[in-house]
Amino acid sequence: MARLPQMLVVLVLLGATAAAFAVTERLKLERSPITGTQVDRVFSPVCECARDSATISFVLRQRARVTVDLLDRSGEPVRTLVRDSEEQRGRVTYVWDGRDDLDRVVPEGIYRPRVRLRQHGRTIVLPNPMRVDTTAPGSTLVRVAPRVFSPDGDGRRDRVTARYRLDEAARAMLLIDGRRRVMSRFLRTEGTLAWFGRIGGDPVPPGVYEVRLRAVDRAGNRSLRTRAVTVRVRYIELSRERIEVVAGERLRARVLTDARSYRWRLAGRTGIASGPQLRLRAPEEPGTYSLYVRIGEWADRAEVVVTEPPPEE
């Protein structure tokens with residue numbers, strides 16, 4: 001007879017287990033009251049950019065009172081976005097600025113949204129992790145070459161190439177005189193960027209330009225600008241601004257260019273030359289003339305002073 005109470009206890013436990021199992025199975029078969037979940041995966045609440053907040057969005061199958069919390073890695077709530085908010089059927093969207101209930105930026109790490117629906121008696125922790133990243137990437141400008149180039153489209157030194165290295169995968173951007181001109185398409189830890197010396201499709205004027213590097217990670221954090229490296233755009237130049245020569249004698253002028261050929265003009269004469277040394281015969285009449293060398297729309301000028309020949313002895 002003493003075994004009867006024990007058997008009753010066992011039967012009660014078995015019944016409770018079966019009931020719980022039935023409820024669990026019913027919940028498995030029952031459609032989730034929310035669907036179509038969309039959650040931003042990574043953002044930075046301190047980047048001062050378009051990714052300084054995260055969006056949590058889902059579709060309610062039925063009208064409901066909704067509470068949305070953010071849980072940290074240990075499952076503790078850090079922020080309540082809405083509490084018992086009456087929402088209609090359809091898509092609902094909430095925005096989290098990466099701060100806790102005391103308006104402090106939360107530590108870096110993984111967070112998950114939790115949705116509680118009062119009428120349904122359901123609590124759903126969304127499987128979509130959200131990563132808060134507040135650390136900017138580190139960037140190094142390894143090498144910039146060549147330091148002198150000519151973006152004239154002739155295929156010879158038309159661009160300057162910058163090699164970089166980052167301490168995390170990020171998109172690198174090349175800054176020319178402080179403004180972004182080139183940006184990588186993919187997140188990388190190292191690579192190269194090339195600037196073809198053009199702004200708005202047009203080649204830049206000759207002169208000296210500062211090249212710097214900056215990087216932006218997936219969360220929107222931007223690195224500090226690297227040190228400046230100067231490069232020079234040069235199409236064609238004469239090495240001297242003033243050339244003195246005796247009338248009728250040979251004139252030599254050094255031409256700095258990477259073009260295969262160029263045009264020259266002196267005292268009404270014109271021609272085409274190549275190579276770094278331009279050799280011409282000076283005018284027969286003493287005086288001051290202008291020597292022009294040109295590639296396309298770019299030209300340079302030097303003053304040629306022609307003097308009398310020395311008197312014969």
Side-chain angles (χ1 to χ4, degrees), residues 31-118 120 122-139 164 166-173 180 182-191 213-225:
R31 290 198 307 173
S32 172
I34 65 174
T35 186
T37 303
Q38 298 175 359
V39 173
D40 289 337
R41 294 184 177 181
V42 59
F43 73 107
S44 171
V46 299
C47 72
E48 297 182 357
C49 65
R51 300 189 64 85
D52 61 0
S53 60
T55 299
I56 302 161
S57 177
F58 51 85
V59 175
L60 285 172
R61 296 188 188 275
Q62 299 178 22
R63 178 179 176 180
R65 284 191 172 275
V66 179
T67 298
V68 179
D69 305 307
L70 275 304
L71 308 181
D72 62 17
R73 187 182 290 274
S74 63
E76 294 296 320
V78 297
R79 175 72 178 273
T80 299
L81 296 183
V82 293
R83 186 183 301 278
D84 286 337
S85 175
E86 185 71 31
E87 304 287 5
Q88 301 298 318
R89 176 182 177 182
R91 180 165 293 280
V92 292
T93 301
Y94 308 97
V95 176
W96 182 36
D97 61 2
R99 296 177 177 271
D100 61 18
D101 285 326
L102 297 178
D103 199 36
R104 301 171 300 190
V105 174
V106 299
E108 287 189 324
I110 301 298
Y111 297 83
R112 292 181 185 274
R114 179 178 67 184
V115 180
R116 290 181 285 174
L117 306 174
R118 176 186 287 188
H120 300 275
R122 296 287 298 273
T123 297
I124 303 169
V125 177
L126 301 184
N128 314 71
M130 307 172 68
R131 182 164 63 90
V132 173
D133 178 3
T134 57
T135 301
S139 58
Y164 65 88
L166 311 176
D167 64 2
E168 67 170 289
R171 294 181 67 188
M173 63 181 77
R180 189 184 80 187
V182 186
M183 189 166 188
S184 64
R185 296 178 58 189
F186 305 105
L187 298 164
R188 301 183 184 278
T189 56
E190 61 182 2
L213 185 83
R214 203 172 186 186
V216 55
D217 64 17
R218 190 188 302 272
N221 299 301
R222 293 173 179 260
S223 72
L224 297 175
R225 300 179 181 189

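Quick note: residue numbers are just sequence positions, from 1.
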| task | Examine the side chains of Gln38 and Thr55 and answer whether a donor and an acceptor come within less than 3.5 Å of each other. | result | no
| task | Rounded to the nearest 0.5 Å, what's the gap from CG on Asp167 to OG on Ser223? Could you check? | result | 9.0 Å
| Criterion side-chain contact (heavy atoms from CB on, under 4.5 Å) on Arg118 and Val66, from CA distance to verdict | CA-CA 7 Å; Arg118 176 186 287 188; Val66 179; over 6 Å; no
| task | Just do the side chain to side chain donor-acceptor pair (under 3.5 Å) check on Thr123 and Arg114 with the steps written out, would you? | result | CA-CA 7 Å; Thr123 297; Arg114 179 178 67 184; over 6 Å; no
| Backbone N/O of Val82 and side chain of Thr80: donor-acceptor pair under 3.5 Å | no
| query | More than 12 foreign heavy atoms under 6.0 Å from CZ of Arg99: is that the case here? | reply | yes
| task | Return the set of residues passing salt bridge (Lys or Arg N to Asp or Glu O under 4.0 Å) with Arg180 (not counting sequence neighbours), or none when no residue passes. | result | none
| task | Would you list the pairs meeting ring pair (Phe, Tyr, Trp, His ring centres under 6.0 Å) in which at least one residue belongs to residues 97-116, sequence neighbours left out? | result | Trp96-Tyr111
| task | Give every residue pair that meets the disulfide bond (SG atoms under 2.5 Å apart) criterion with at least one member in residues 48-118, sequence neighbours excluded. | result | Cys47-Cys49
| message | Filter on salt bridge (charged side-chain N to carboxylate O under 4.0 Å, His left out), then keep only pairs touching residues 55-67, sequence neighbours left out; what's left? | response | Arg63-Glu86, Arg65-Glu86
| Contact summary for Glu108 and Thr134, nearest pair of heavy atoms | OE2-N, 2.7 Å
| Between Ala136 and Arg222, which heavy-atom pair has the shortest distance, and what is it? | CB-O, 3.3 Å
| said: Quick check against the 3.5 Å criterion: does Arg91 have a side-chain atom that pairs as donor or acceptor with the backbone of Gly36? | reply: yes
| side-chain contact (heavy atoms from CB on, under 4.5 Å) between Asp133 and Asn221, intermediate numbers included | CA-CA 8 Å; Asp133 178 3; Asn221 299 301; 3.6 Å; yes
| Would you say the side chain of Val125 lies within less than 4.5 Å of the side chain of Leu71, judging by non-hydrogen atoms? | yes
| For Met173 against Met183, the heavy-atom pair lying closest together | CE-CE, 3.9 Å
| Validation row: Pro45, Val132 side chains within 4.5 angstrom (heavy atoms) | yes
| Within a strict 4.5 Å, meaning less than it, do heavy atoms of the Asp97 and Arg79 side chains meet? | yes
| side chain to side chain donor-acceptor pair (under 3.5 Å) assessment of Glu87 paired with Ser85 | CA-CA 6 Å; Glu87 304 287 5; Ser85 175; 3.0 Å; yes
| Has the side chain of Thr67 got a donor or acceptor atom that lies under 3.5 Å from a matching backbone atom of Asp84? | yes
| field | Heavy-atom pair with the smallest gap, counting every atom of Val216 and Leu187 | value | O-CD2, 4.4 Å
| note | Sequence neighbours excluded, the answer for salt bridge (Lys or Arg N to Asp or Glu O under 4.0 Å) partners of Arg116 is Asp69
| How far apart are the C-alpha atoms of Val92 and Phe58, what are their side-chain angles, what is the distance that settles it, and do they pass the side-chain contact (heavy atoms from CB on, under 4.5 Å) test? | CA-CA 6 Å; Val92 292; Phe58 51 85; 3.4 Å; yes
| Which pairs pass salt bridge (charged side-chain N to carboxylate O under 4.0 Å, His left out) with one or both residues in residues 36-52, sequence neighbours excluded? | none
| Of the non-hydrogen atoms in Leu60 and Gln88, which two are nearest, and what is the gap between them? | CD1-O, 3.7 Å
| note | When every non-hydrogen atom of Leu224 is compared with those of Ser139, the smallest separation belongs to O-OG, 3.6 Å
| Would you find more than 12 non-hydrogen atoms of other residues, nucleotides or ligands less than 6.0 Å from Ile110 atom CD1? | yes
| field | Pairwise side-chain contact, Pro113 with Tyr94, heavy-atom cut-off 4.5 Å (strictly under) | value | no
| Is it true that Arg112 and Asp72 have a side-chain N and a carboxylate O under 4.0 angstrom from each other? | no
| Verdict with reasoning, Leu70 to Ile56, per side-chain contact (heavy atoms from CB on, under 4.5 Å) | CA-CA 10 Å; Leu70 275 304; Ile56 302 161; 4.2 Å; yes
| query | Under a 4.5 Å cut-off applied to non-hydrogen side-chain atoms, are Pro33 and Ile124 in contact? | reply | yes
| Distance from Phe43 atom CZ to Arg218 atom CZ, nearest 0.5 Å? | 15.0 Å
